[in-house]
**Q** 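Right, I'll just put the structure down here and ask away after.
FYI, the numbering just counts along the sequence from 1. Computed from a predicted model, the values in this text were never measured in an experiment.
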Amino acid sequence: GLQILQNNDYLSKLQEKIGKDHLFIRFDLSEGEKIPRLIENLAKLTGQIDILINNAGVGLFKKLEETSDEEINTLLSVNLIASMILCREIIPLMKERGGTIVNIASVAGKRTWKHLSIYSATKFGLIGFSNSLRREMKFYNYPISIVVVCPPATDTHFFENVDYNNYNKDHPFQHLVSPEIVATAIYTAVKKKKREVIITSRAKILDKAASLFPRFIENMEDAMKKMK
C-alpha cells in the first residue's frame, strides 16, 4: 500500500509498526503544482492505483477578521484544492479498470460553528465537489466510486497542531471519537460503496435536526457551551 504523509516523526513510527512492505512518501500537499508529477511517479512505481483516500487536512480556529491571507490560502490549498488535483490526476488511471476515491470531509462540512468559517468552507466545498464528481463519473460511465466520509471531532493531534488545547473544556458535552472508529467507518464505506457516511449516531441526528431547525440547533449548542 502507498501512504502519502507529511508528519515525519509519525511517518517513521508508523513504518516501523506496519513493516517495510509499504512505501511512505513525505509530500507537501500545499504545493499543488507538484501533485501531477507525484501521481505520475506513483503510477510508474506501482503499475496501478485502486484507491485514493484524501485524508490530509489542516485546521484553524479563529475569528475571520483576525485570519491572514496566508492562513486562508493554506487551508484552501491543503483541504480542498489538493484533493481536487489528486482526483483529476487519478481519474485517468482508474477510468478503464475502476477504482474508489474517498474524500474525508467533516461534520463541519455539514453544519457550522463560530471560529471555523474558513475550515468549514473547505469541507463544505469538498462535499459539493465530491457530489458533483460522482455524477460526472456516472455520466461518462467511469467505474469509479466516490465516497464522502464526515467524521466528528476525533482524538488525534489535530487540535494540538492548531494550538487549540482547550477543545475538551470548551465542548464538555462532546466526546472525541477514536481514530479506530473512523478507520473502520472508512473501510466499511469503501466495501459497501456508500455515497456518504456521517460517523456516530449523535452526528447523524444533529445533522438531520440542523437541516430542519438550524437556528434552534445553533442556539442550543451555544447555550450548552455556556453551561460548562
Side-chain angles (χ1 to χ4, degrees), residues 3-11 25-39 52-89 102-133 148-172 174 176-177 179 182 199 203 206-207 210 214-215 217-219 221-222 224-226 228:
Q3 306 282 335
I4 301 175
L5 304 168
Q6 188 174 353
N7 186 313
N8 209 30
D9 293 336
Y10 177 73
L11 186 152
I25 299 173
R26 187 169 189 253
F27 189 84
D28 186 352
L29 287 172
S30 67
E31 299 179 343
E33 71 282 359
K34 296 181 181 180
I35 292 176
R37 184 64 181 274
L38 169 70
I39 300 302
L52 166 67
I53 302 179
N54 283 315
N55 188 45
V58 292
L60 182 70
F61 295 83
K62 209 170 191 180
K63 290 173 65 177
L64 179 60
E65 60 193 287
E66 297 174 356
T67 305
S68 68
D69 290 353
E70 182 180 4
E71 289 170 327
I72 293 172
N73 288 330
T74 296
L75 261 72
L76 287 171
S77 296
V78 176
N79 293 3
L80 182 58
I81 296 174
S83 295
M84 292 176 169
I85 297 174
L86 282 162
C87 288
R88 184 191 68 194
E89 298 301 313
V102 183
N103 289 327
I104 308 300
S106 168
V107 294
K110 306 289 290 184
R111 300 190 292 124
T112 58
W113 288 266
K114 59 183 174 293
H115 301 153
L116 277 178
S117 56
I118 305 303
Y119 181 78
S120 283
T122 65
K123 295 303 182 178
F124 269 86
L126 186 59
I127 292 172
F129 166 74
S130 302
N131 292 339
S132 180
L133 183 60
V148 177
V149 179
C150 299
T154 306
D155 190 11
T156 64
H157 296 294
F158 180 84
F159 299 105
E160 296 174 23
N161 291 339
V162 293
D163 296 323
Y164 189 4
N165 298 315
N166 295 323
Y167 183 87
N168 288 324
K169 291 182 179 179
D170 288 345
H171 302 81
Q174 181 175 333
L176 296 178
V177 176
V182 175
I199 300 175
L206 286 173
D207 175 61
R215 184 175 298 177
I217 295 298
E218 290 169 4
N219 290 340
E221 289 179 331
D222 288 343
M224 289 173 68
K225 181 175 178 179
K226 290 176 183 178
K228 67 182 177 64

**Q** Could you grab the distance from atom CD1 of I81 to atom OG of S30, nearest 0.5 Å is fine?
**A** 10.5 Å
**Q** Find out whether D207 and V107 are in side-chain contact, i.e. whether some heavy atom of one side chain is under 4.5 Å from a heavy atom of the other.
**A** no
**Q** What residues, two or more places apart in sequence or in another chain, satisfy side chain to side chain donor-acceptor pair (under 3.5 Å) together with N55?
**A** none
**Q** Flag the pair L29 / S77 as yes when at least one side-chain heavy-atom distance between them is below 4.5 Å, and no otherwise.
**A** no
**Q** Do we see a donor-acceptor contact under 3.5 Å between the side chains of S83 and N103?
**A** no
**Q** What distance do E71 atom CD and L75 atom CG have between them, rounded to the nearest 0.5 Å?
**A** 8.0 Å
**Q** Taking atom CZ of R37 and atom CD of E31, what is their separation to the nearest 0.5 Å?
**A** 14.0 Å
**Q** Any chance you could lay out the side chain to side chain contact (heavy atoms under 4.5 Å, CB included) test for C150 and I127, step after step, and finish with the verdict?
**A** CA-CA 9 Å; C150 299; I127 292 172; 3.9 Å; yes
**Q** How about E33: does its CD atom have over 12 heavy atoms from other parts shown lying under 6.0 Å from it?
**A** yes
**Q** Could you pull out the closest heavy-atom pair between L60 and L116, with the gap in Å?
**A** O-CD2, 3.4 Å
**Q** Working to the nearest 0.5 angstrom, can you tell me the gap between E218 CD and K114 NZ?
**A** 10.0 Å
**Q** Indicate yes or no: at least one non-hydrogen side-chain atom of R111 is less than 4.5 angstrom from one of P214.
**A** no
**Q** Rounded to the nearest 0.5 Å, what's the gap from CD1 on I104 to CG on L126? Could you check?
**A** 9.0 Å
**Q** Taking side-chain contact (heavy atoms from CB on, under 4.5 Å) as the test, write out the residues that go with A121, two or more places apart.
**A** none
**Q** Could you state the interatomic distance from NZ (K62) to CD1 (I72), rounded to the nearest 0.5 Å?
**A** 10.0 Å
**Q** Is any side-chain heavy atom of K34 closer than 4.5 Å to a side-chain heavy atom of L38?
**A** no
**Q** Between S106 and T122, is there a side-chain heavy-atom distance shorter than 4.5 Å?
**A** no
